[in-house]
Amino acid sequence: MTDYETILIEIRGRVGWITLNRPEALNALNSQVMADVVDAATRFDADDGIGAIVVTGSERAFAAGADIKEMESKSGLDMLMGDHFGGWARFAAVRTPVIAAVSGYALGGGCELAMMCDIILAADTAKFGQPEINLGVIPGMGGTQRLVRAVGYYKAAELVLTGRLMDASEAERAGLVSRVVPASELLEEAGRVADTIAAKSLPSLYAAKAAMDAALETTQAEGLRFERQAFAALFDTEDQKEGMAAFREKRAPAFGNH
Ligand code: CAA
């Protein structure tokens, strides 16, 4: 597979792993990181042999934010014309389930990258926050939108307006984190969750993600209509016949992803 400048990638079984690898900058997300992550995730997404993606960083930092040194001297016009951060929309749009395995700092763009994923597993050392207000700006990769939806307005407002960081257990209580695990078990646990997901039928995974997206983006009535259509469509897959036959025959299903 392609060699990347700022990330390491690996395929283990049916799981694609993306490890952010700019230790000198605590994995700060510059344009090259965005290009690399988006390219790797898009390739994994296009591969039927991959049923889940894990994104992780180092023990010290998942990512300490967008790269402040890269942005510092830009004008507003530079940011608009360069569509700064625009590529992340392609990452957020992958259909394959994505797990963020977060250890250490997930700040600013790092917290926002985690929130673009479907599941956030946090090491007990993780720290989350949107400290952009300390830099005279605001979150720019989705933080004002996804954090409000994840933890509610009042919790999000306190974090965004003060720049305060929260630890893993507070983040779990707030609903930002799916589950907290001891730091030494983070990657193993992320692998277990990813393997479990990747063993399901891809069409049903795609449908489940799309239907849950609808819960965030549309009215409940429209979301319910979408869910009924997606549910019905899955009855045209061989995997639905296999899954239900396996239940009746009291055996594990063998999904073929069609
Ligand atoms: N951008 C660029 N470089 C960064 C960085 C960032 N976001 N975060 C850390 N680094 C660099 C530091 O400059 C330092 O490099 P040098 O050794 O060359 O000076 C190196 O990483 C190590 O960092 P520290 O020495 O600061 O490490 P520390 O342990 O003392 O502190 C920290 C860790 C609290 C995370 C601190 O680095 C920090 O506050 N980082 C910035 C966090 C932040 O403000 N993030 C938001 C960025 S803006 C944003 O993300 C906008 C958006 O919404 C998309």
Side-chain angles (χ1 to χ4, degrees), residues 4-8 18-38 41 55-94 98 100-117 120 122-151 153 155-171 174 176-177 183 186:
Y4 292 102
E5 217 177 286
T6 64
I7 61 173
L8 305 171
I18 298 175
T19 303
L20 305 177
N21 188 33
R22 287 189 77 207
E24 72 286 357
L26 299 184
N27 292 330
L29 306 168
N30 64 12
S31 308
Q32 191 59 49
V33 179
M34 179 174 78
D36 288 353
V37 172
V38 169
V55 179
T56 194
S58 67
E59 237 175 89
R60 195 168 161 217
F62 177 71
D67 192 310
I68 299 167
K69 293 165 190 166
E70 183 185 58
M71 291 183 292
E72 186 179 354
S73 61
K74 290 203 189 297
S75 67
L77 193 61
D78 291 337
M79 298 298 276
L80 277 177
M81 295 311 286
D83 194 22
H84 211 75
F85 306 145
W88 290 114
R90 293 206 297 283
F91 173 79
V94 303
V98 186
V102 177
S103 178
Y105 295 111
L107 306 184
C111 185
E112 292 166 300
L113 175 59
M115 290 191 290
M116 288 175 210
C117 302
I120 303 180
D124 48 14
T125 56
K127 282 205 184 323
F128 296 86
Q130 298 289 162
E132 291 89 344
I133 205 80
N134 297 327
L135 301 167
V137 292
I138 64 170
M141 274 169 56
T144 61
Q145 306 303 300
R146 292 195 176 97
L147 191 63
V148 168
R149 283 171 166 81
V151 304
Y153 179 81
K155 187 79 177 176
E158 196 230 338
L159 295 166
V160 169
L161 299 178
T162 66
R164 180 174 75 81
L165 310 190
M166 61 179 172
D167 65 17
S169 63
E170 184 182 355
L176 176 60
V177 157
L186 177 69

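When a ligand or atom number is given, it counts from 1 through the structure's own listing order. What you are looking at is a predicted structure, and each value in this text was computed from that prediction instead of being measured.
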Quick check against the 3.5 Å criterion: does [X] have a side-chain atom that pairs as donor or acceptor with the backbone of [Y]?
{"X": "Arg22", "Y": "Ala28", "answer": "yes"}
{"X": "Thr56", "Y": "Ala101", "answer": "yes"}
{"X": "Glu112", "Y": "Gly142", "answer": "yes"}

Where ligand 1 meets [X] - atom numbers and elements under 4.0 angstrom, heavy-atom basis:
{"X": "Glu112", "result": "52 (C), 53 (O), 54 (C)"}
{"X": "Pro131", "result": "43 (C), 44 (O), 45 (N)"}
{"X": "Pro139", "result": "53 (O)"}
{"X": "Leu135", "result": "44 (O), 47 (C), 48 (S)"}
{"X": "Glu24", "result": "15 (O), 20 (C), 21 (O)"}
{"X": "Met141", "result": "53 (O), 54 (C)"}

[atom]: nearest protein contact (heavy atom, Å):
{"atom": "atom 1 (N) of ligand 1", "result": "Ile68 N, 2.9 Å"}
{"atom": "atom 37 (O) of ligand 1", "result": "Leu26 CD1, 3.8 Å"}
{"atom": "atom 7 (N) of ligand 1", "result": "Ala66 O, 2.9 Å"}
{"atom": "atom 25 (O) of ligand 1", "result": "Arg60 NH2, 4.8 Å"}
{"atom": "atom 10 (N) of ligand 1", "result": "Ala25 O, 3.7 Å"}
{"atom": "atom 42 (C) of ligand 1", "result": "Ala64 O, 3.3 Å"}
{"atom": "atom 12 (C) of ligand 1", "result": "Lys69 NZ, 3.9 Å"}

Mark whether [atom] lies under 4.0 angstrom from at least one protein heavy atom.
{"atom": "atom 17 (O) of ligand 1", "answer": "no"}
{"atom": "atom 28 (P) of ligand 1", "answer": "yes"}
{"atom": "atom 31 (O) of ligand 1", "answer": "no"}

I want to know if ligand 1 touches [X] in the polar sense, i.e. an N/O pair below 3.5 angstrom.
{"X": "Ile138", "result": "no"}
{"X": "Leu107", "result": "no"}
{"X": "Tyr105", "result": "no"}

Q. How does Ala28 reach ligand 1, if at all, at less than 4.0 Å between non-hydrogen atoms: by side chain, backbone, both, or neither?
A.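 Within the 4.0 Å criterion, Ala28 contacts ligand 1 through side-chain atoms alone.
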Q) For ligand 1, is there an atom lying under 4.0 Å from some heavy atom of Glu70? A)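 No, Glu70 has no heavy atoms under 4.0 Å from ligand 1.
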